[in-house]
Number of protein chains: 2
Amino acid sequence: MELSNYANIFKALSNEQRLKIFLMIYEQCCKPEESQVGSKFEAKGGWCCPAAGSLEKAFTKVCDCMNLSRSTISHHFKELQNAGLIICEREGRTFRCSVNGEVVNAIKELLK
Amino acid sequence: MELSNYANIFKALSNEQRLKIFLMIYEQCCKPEESQVGSKFEAKGGWCCPAAGSLEKAFTKVCDCMNLSRSTISHHFKELQNAGLIICEREGRTFRCSVNGEVVNAIKELLK
DNA sequence: CAATTAGTTCTATGAGTATCGAATAATGCA
DNA sequence: TGCATTATTCGATACTCATAGAACTAATTG
């Protein structure tokens, strides 16, 4: 991976609101046990992660947790996807979202 | 550590030039074996890391490797220090610089 | 097909960032 | 003490970013 890719990943995580969005998704997808109890984040009606490793209705749920307009949140999702940090697939009217483990590992490798 | 601290750390690494500066210092301080041979970065007259874990004349050396004005590089050093990623101490006319392991570990912990 | 729900795109705006060159300060040496 | 070296600060500029609201598109459901 190029230096510029790493810079883009860090850029995606450099905004506090966007970092929060990423961590919500990360927590739900990669640490579901922790997240059900005492999560730093709260979703109306609970989070629920039916398929392991991914989060259904991710956009909707994130919107419910944050004081940002939907357009801004949409923009942040795009940035996270462009950086390769998350992967979203349409599921009817909503999105199922998962974390790209390879990218997360790349960060860990860089700082090994 | 607060979410905003993490965001600041990522912000410091989000600019490609600044990331390069950080990685030069990181490589010299934390992976000296690798860096002496076949480093991605080159310093006039070699790097040399007399005291383990720190890099002498860091600013000067970084300036020699990069096509940026000294004022810009100075600014980038400040950002890296403010984020807590590096620690610089004056040594005569130059600076000895080291990586703040705690902050690096905090990133790894966040993505554990 | 009409109505509803979910998310996107466009446009505007204020704030922040990267960069440089010039002026300035700090340090050590002759 | 004066000079050279090293780094910082200042001011300007062009650029990027975060954000909201309005208009729009896509999918589902009655």
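Quick note on labels: first sequence line is chain A, next is B, and so on, each numbered from 1. Given the structure is predicted, the values throughout are model-derived calculations rather than measurements.
Rounded to the nearest 0.5 angstrom, A/E16 CD and B/N5 CG are separated by 9.0 Å. Taking NZ from B/K108 and CG from A/L111, the interatomic distance works out to 6.5 Å, rounded to the nearest 0.5 Å. Note: B/E91 CD to B/E56 CD = 6.5 Å, rounded to the nearest 0.5 Å. Distance check, rounded to the nearest 0.5 Å: CD1 of A/I9 to CE of A/M1 gives 4.0 Å. Here the CD1 atom belonging to B/I86 is positioned 10.0 Å from the CZ atom belonging to B/F95, to the nearest 0.5 angstrom.
Counting any heavy atom pair closer than 4.0 Å across all strands shown, B/K78 reaches sugar-phosphate atoms only and no base atom. In this structure, B/K11 reaches the sugar-phosphate backbone alone: every heavy-atom distance under 4.0 Å involves primed, P, OP1 or OP2 atoms, never a base. Within the nucleic acid shown, B/H75 comes within 4.0 Å of at least one base atom, counting heavy atoms only. When heavy atoms are screened at a 4.0 angstrom cut-off, A/L68 is found touching the sugar-phosphate backbone but no base atom. Among the heavy atoms of the strands lying under 4.0 Å from B/T94 are primed sugar atoms or P, OP1, OP2 only; no base atom is included.
The separation between B/I86 atom CD1 and D/dA7 atom C1' is 14 Å, rounded to whole Å. Rounded to an integer number of Å, the gap from B/I73 CD1 to C/dC20 C1' is 12 Å. The distance between atom CD of A/E56 and atom P of C/dA6, rounded to the nearest whole Å, is 13 Å. Per the geometry, CZ belonging to B/R70 stands 7 Å off P belonging to D/dT6, to the nearest Å. Residue B/R90 contributes atom CZ, which lies 7 Å from atom C1' of D/dT6 at whole-angstrom precision. Computed from coordinates, the B/F95 CZ to C/dG28 P distance equals 11 Å when rounded to whole Å. Rounded to an integer number of Å, the gap from CE of B/M66 to P of D/dA7 is 15 Å. Atoms CG (A/N82) and P (C/dT8) sit 12 Å apart, rounded to a whole Å.
Each of D/dT6, C/dA6, D/dA27 was ranked by its minimum atom distance to the side chain of A/T60; first place goes to C/dA6. If you check C/dC29, C/dT19, D/dT9 against the side chain of B/Q17, the one that comes closest is C/dT19. Taking every side-chain heavy atom of B/R93 into account, D/dA4 is the closest of D/dA4, D/dA7, C/dT19.
Judged by distance alone, with hydrogens and angles left aside, B/S74 brings no side-chain donor or acceptor close enough to the base of D/dA7 to form a pair under 3.5 Å. Residue side chain A/S71 reaches the base of D/dG21 through a donor-acceptor N/O pair under 3.5 Å, judged by distance alone.
Between B/F77 and A/N67, it is B/F77 whose nearest contact on DNA chain D lies nearer the 5' terminus.
For A/R18 and D/dA18, the shortest distance from a side-chain N or O to OP1 or OP2 is below 4.0 Å. Using a 4.0 Å cut-off, some side-chain N or O of A/T72 falls inside it from OP1 or OP2 of D/dA20. Contact annotation: A/H76 does not reach the phosphate of D/dC17 (side-chain N/O to OP1 or OP2, under 4.0 Å).
The shortest side-chain heavy-atom distance between B/Y6 and A/L23 does not fall under the 4.5 Å cut-off.
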